[in-house]
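Take a look at the structure set out below.
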Number of protein chains: 2
Amino acid sequence: MKQEKISPRVIERLTKYLRCLENLNPEDYISSEGLAEKMGFTAAQVRKDLSNFGEFGIRGKGYNIRKLHSDIEKILGVNKTNNIILVGVGRLGTALLSEPEFTKESFNIAGLFDKDEKKIGTEIMGKKIRDLKEIEHFTSSKEDIAMAIITVPKMAAQEVCDVLVKAGIKAILNFVPVKLDIPEGVVIENIDLYGKLQELNYWKERKLK
Amino acid sequence: MKQEKISPRVIERLTKYLRCLENLNPEDYISSEGLAEKMGFTAAQVRKDLSNFGEFGIRGKGYNIRKLHSDIEKILGVNKTNNIILVGVGRLGTALLSEPEFTKESFNIAGLFDKDEKKIGTEIMGKKIRDLKEIEHFTSSKEDIAMAIITVPKMAAQEVCDVLVKAGIKAILNFVPVKLDIPEGVVIENIDLYGKLQELNYWKERKLK
DNA sequence: TAGATTGTTAATCGATTAACAATC
DNA sequence: TAGATTGTTAATCGATTAACAATC
C-alpha cells in the first residue's frame, strides 16, 4: 500500500464510499463513473482518491464491490475491532450507546466512565459504568484501547481530555462545544451540533453553497 | 455587507470565531494575529475571512470583541431566533433537546414530531410531541419554520425528508447515516458519528493529519 | 481484436499565505 | 508623528478535474 501525504478530505470521502458500497450487490462491479454519480463527485476524483492507496480496480471493468469495500476497510483500519471508551454517560452518551451503528463489529465500546457517584457501578446497555478515576488503570490493564468519545458537560471537558491523553488515548471524538488542547500525536474530531446549525442558518437564506 | 461567492469553509470558520469570542472580555480588542493564535489559523486567514463580509476592524487597534461577535452573528443570521422542528423523538432526539446549547436564543425548537402513537400527544422537555402527518399543516400555520433536525431510524429517513421538503423546510440537519436526496434550494448538513470514528481510526495509526 | 475503464500525468481551479499600502 | 494593525492585492500552495496512454 503506497502512502504519500494524504489529505483529510480524502479520508472523509473514503468513509462515504464505504457507506455507498454497503447498499450495493457485493458481486457486482462498479465504474468510477458509476460510483461518482451516486456520490455526487467526479469520476476522476474517485480514481484519484483510491489511487492514493494502491490499485483496486480492473481496467475495462471497474471495481468489484466486495473487494473495494474490503480494501477501503483495510485502509481505514476498520476491518478489525477497535476499542473505544466513552466518558460522560449522560443523555447524549447514553443515546450514542444505543445507536444501531454500534452493533457493527469495527468498533466496540470497551468501557463507560462517569464522575457521578449515583451512576458509578450501575449498568447501561449491559455495560458497567466506572469511576472516571479508574480510566488510566483500565486502559493500562487492557491492551489496545486507543480511542475515546467525550460527552461530558462543558466545564469538565478539558480535564477529562487531559486524563485521557495521560491514559494513552490517541484519538478523541469530542461532542463538547469546546476547543480542547491536545498534545502532538493525539488526533481529535469535533462534532459541533450548534456550529452546524449556524452554518445551515447561513445557507438557508442564500440559494447556493 | 458585500457578498461574492463564499466558500463553505469560510462559514465553518465563522462559527468557530464566534465560539472563541464568547470566552473573551467583550470590552477588549483582539488583533487578527491574536485571534489566529487562539484558533490555530493564520492572521491572514482571519482577516481574509472577515473581509468577505465587510470591514469590522480598526487599523492599528484590532477588532472590538463585542462588535465582532455581534457582526458575525448578523452574518450567520443568528442574531435573531430561528425556529426548528425536530423529527424523531427517540433517544438521540431527546438527548439533543436537552443539550444546554439549546437554551440559547438563536434557535428555538418550535415543534416535535414522531410516528410512534405511544409518543404522540405526550410531552418532553415541556414540548408536545405531534404526529408526523401534521408537519405540513404545522409549518404552514406558523410562519418562519425553515429548519429541521432529523433523528429517525434509517429506514424512515428519506420519507421524512421528502415530507419536510414538501412542508417548505429549507435547511436540514441530518443525524441519520444515509445520503438523503434533496431538491435544489434545500441545504443539508450531515452529522455522521460512525464516519467520524472511521476517520479517527485512520489517523490514530499515523502521526500527522 | 475492439471497447471500456483504469491509473496517472498535466492543466485548471480555488483556497491559503505573504506582502504591503492604507489608515487608525 | 510613529507604531500597530487592518483590508486587499499578488504569490504560493494544494486539491480537483481533464486528458490520455496503459491494459483488462
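Predicted, not measured: the structure shown is a model, and the values here were computed from it. Chain identifiers are assigned alphabetically (A, B, ...) following the order of the sequence lines, protein sequences preceding nucleic acid strands; residue numbering begins at 1 within each chain.
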- Message: For the NZ atom of B:Lys67 and the OH atom of B:Tyr29, what is their distance to the nearest 0.5 Å?
- Response: 9.0 Å
- Item | Pairwise distance OG1(B:Thr15) to CG(A:Leu197) - rounded to 0.5 angstrom | 10.5 Å
- Note on the structure: Its dot-bracket string being built from Watson-Crick and G-U pairs below 3.5 Å, with | for another strand and [ ] for crossing, DNA chain D has the pattern ..||||||||||||||||||||||
Does [X], at its [atom1] atom, have more than 12 non-hydrogen atoms belonging to other residues, nucleotides or ligands within less than 6.0 Å?
X        : atom1 : answer
B:Lys80  : NZ    : yes
A:Lys115 : NZ    : no
A:Lys61  : NZ    : no

- Listed nucleotide nearest any side-chain atom of A:Ser31, set D:dT5, D:dG7, C:dT6: C:dT6
- Task: Give the nucleotide from the list C:dT8, D:dT8, D:dC24 with an atom nearest to the side chain of A:Ile58.
- Result: D:dC24
Just checking, any donor-acceptor pair under 3.5 angstrom between side chains of [X] and [Y]?
X        : Y        : result
B:Asp49  : B:Tyr17  : yes
B:Gln158 : B:Asp162 : yes
A:Ser106 : B:Tyr194 : yes

- Query: Which part of the nucleic acid, if any, lies within contact of B:Tyr63, taking any heavy atom under 4.0 Å across all strands shown: a base, the sugar-phosphate backbone alone, or nothing?
  - Reply: sugar-phosphate
Rounding to an integer number of Å, can you tell me how far [X] [atom1] sits from [N] [atom2]?
X       : N      : atom1 : atom2 : result
A:Arg13 : D:dG14 : CZ    : C1'   : 12 Å
B:Asp49 : C:dT16 : CG    : P     : 7 Å
A:Glu12 : D:dT16 : CD    : C1'   : 15 Å
A:Phe56 : C:dT5  : CZ    : C1'   : 17 Å
A:Asn52 : C:dT6  : CG    : C1'   : 15 Å
A:Glu33 : D:dT17 : CD    : P     : 13 Å
B:Glu55 : D:dT9  : CD    : P     : 11 Å
B:Ile6  : C:dA15 : CD1   : P     : 10 Å

- B:Trp203 side chain reached by A:Ile11 side chain, heavy atoms, under 4.5 Å: yes
- Query: When only distance counts, do a donor and an acceptor, one from the side chain of A:Arg59 and one from the base of D:dT23, lie under 3.5 Å apart?
  - Reply: no
- Query: Nearest nucleotide by nearest heavy atom, which residue falls closer to the 5' end of DNA chain D, A:Lys61 or A:Gln45?
  - Reply: A:Gln45
- Message: On the nucleotide C:dT6, are OP1 or OP2 found under 4.0 Å from the side-chain N or O atoms that A:Ser32 carries?
- Response: yes
- Message: Please tell me if B:Tyr29 has a side-chain N or O lying less than 4.0 Å from either OP1 or OP2 of D:dT6.
- Response: no
Kindly give the atom pairs (protein nitrogen or oxygen, nucleotide nitrogen or oxygen) under 3.5 Å for nucleotides 18-20 of chain D.
| from | atom 1 | to | atom 2 | distance (Å) |
| --- | --- | --- | --- | --- |
| D:dA19 | N6 | A:Arg47 | NH2 | 3.1 |

- Can you list the steps and then say if B:Asn23 with B:Lys38 is a side chain to side chain donor-acceptor pair (under 3.5 Å)? CA-CA 11 Å; B:Asn23 299 317; B:Lys38 286 187 186 294; over 6 Å; no
